[in-house]
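Here is the structure we will look at, set down as structure tokens.
Please read all numbers here as calculations on a predicted model, not as lab measurements.
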Amino acid sequence: MRLYSTLALALLALLLGCSSGKSLYKHGDYYDAVFESVTRLQGNPNHKKATEVLSLSYPAAVQYIDAQVQAAIASDQPFKWRSAVEQYARINNLHDAIMRSPAALKIIPNPVSRFKEIGEARDKAAEECYTAGINEMLKNNRENSKQAYYLFRDANGFVPGYRESIEMMDKAKSDATIRVIVDREAPNRFNWTFNQFVFAYKSNEFVQFYTPEQVRSDTS
């Protein structure tokens with residue numbers, strides 16, 4: 001009885017696996033349908049349904065993603081080039097997955113890539129983040145300085161060393177940081193060890209604790 005149950009479960013899993021890629025395709029999830037098909041083909045290079053789904057879902061995925069990119073670029077979205085980078089990366093992910101699968105390559109012998117386009121989009125994404133960071137800094141308050149810090153960090157992530165992004169990150173973080181002076185020698189009824197509970201505090205990168213000695217040292 002246990003053997004029959006095991007065989008039934010294995011058969012059910014196989015049937016679900018065979019249909020999942022096709023279901024993804026039918027629901028318009030072309031991107032995941034490609035990856036599902038490639039995975040199936042790695043296990044069985046002659047998988048008939050995976051072959052069919054891959055041949056249908058891959059061109060549909062590329063066409064859909066390219067349309068998303070063009071719509072974003074043509075729009076007035078504040079971070080449209082960040083969106084373009086993300087979408088081009090999806091096409092490149094499909095390219096790499098197929099290139100690593102001999103069985104998939106037989107079905108899609110020339111997968112397209114957007115390596116050139118993503119490089120150009122990264123430059124523009126860095127520029128839009130950097131400009132937005134400057135605009136946040138001009139508002140001259142702590143919360144906007146936080147946003148500026150993240151924007152400069154993103155600019156540097158898209159293009160390492162972009163303009164003065166690293167220096168501006170440091171400036172924005174300094175402006176956004178709350179500095180707290182703690183006298184760790186002060187008596188407390190809980191016998192807290194400030195070194196453990198305060199100076200090891202890492203949950204908020206915009207809060208910095210100092211001892212009175214450190215403050216005196218910095219101002220001397």
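- For residues 124-134, no pair satisfies salt bridge (Lys or Arg N to Asp or Glu O under 4.0 Å), with sequence neighbours left out.
- Remark: Asn144 pairs with Glu136, Asn141 by the side chain to side chain donor-acceptor pair (under 3.5 Å) rule, at least two apart or across chains.
- Side-chain atoms of Pro111 and Leu105, non-hydrogen and from C-beta on, do get closer than 4.5 Å to each other.
- Residue pairs meeting the ring pair (Phe, Tyr, Trp, His ring centres under 6.0 Å) criterion with at least one member in residues 93-122, sequence neighbours excluded: His95-Phe115.
- Between the side chain of Asn156 and the backbone N or O of Gly161, at least one donor-acceptor pair lies under 3.5 Å.
- Looking at Asn46 and Thr51, their side chains never come closer than 4.5 Å, going by heavy atoms from C-beta outward.
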Between Ile178 and Arg142, is the side chain to side chain contact (heavy atoms under 4.5 Å, CB included) condition met? List the steps.
CA-CA 9 Å; Ile178 293 176; Arg142 180 171 179 262; 3.3 Å; yes

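- Under the rule for a side chain to side chain donor-acceptor pair (under 3.5 Å), the partners of Asn93 that lie at least two apart in sequence or sit in another chain are Tyr31.
- The salt bridge (Lys or Arg N to Asp or Glu O under 4.0 Å) contacts involving residues 96-117 comprise Asp66-Arg114, where partners must be two or more places apart or lie in separate chains.
- The side chain to side chain donor-acceptor pair (under 3.5 Å) search around Lys173 returns none, not counting sequence neighbours.
- Looking at residues two or more places apart in sequence or on another chain, you find a ring pair (Phe, Tyr, Trp, His ring centres under 6.0 Å) between Tyr162 and Tyr130.
- Listed by first and then second residue, the salt bridge (Lys or Arg N to Asp or Glu O under 4.0 Å) pairs involving residues 50-61 amount to none (not counting sequence neighbours).
- In this structure, Ile166 stands alone, with no Ile, Leu, Val, Met, Phe, Trp or Tyr side-chain heavy atom under 4.5 Å from its own, directly or through other members.
- Every ring pair (Phe, Tyr, Trp, His ring centres under 6.0 Å) that Tyr25 has, sequence neighbours left out, goes to Tyr30.
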Check residues 71-86 and write down every donor-acceptor pair under 3.5 Å in which the side-chain atom is one partner and the other belongs to a residue at least two apart or another chain.
unit_1 : atom_1 : unit_2 : atom_2 : d
Ser75  : OG     : Ala72  : O      : 2.6
Ser75  : OG     : Gln77  : N      : 3.2
Lys80  : NZ     : Ile73  : O      : 2.9
Lys80  : NZ     : Ser75  : O      : 3.4
Arg82  : NH1    : Asp154 : OD2    : 3.1
Arg82  : NH2    : Asp154 : OD2    : 3.4

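- Taking the side chain as every heavy atom from C-beta outward, Cys129 and Phe158 approach each other to under 4.5 Å.
- Residues satisfying the side chain to side chain donor-acceptor pair (under 3.5 Å) criterion with Arg90, sequence neighbours excluded, are Gln87.
- Residues Tyr149 and Met168 have side chains not in contact (no heavy-atom distance under 4.5 Å, counting atoms from C-beta outward).
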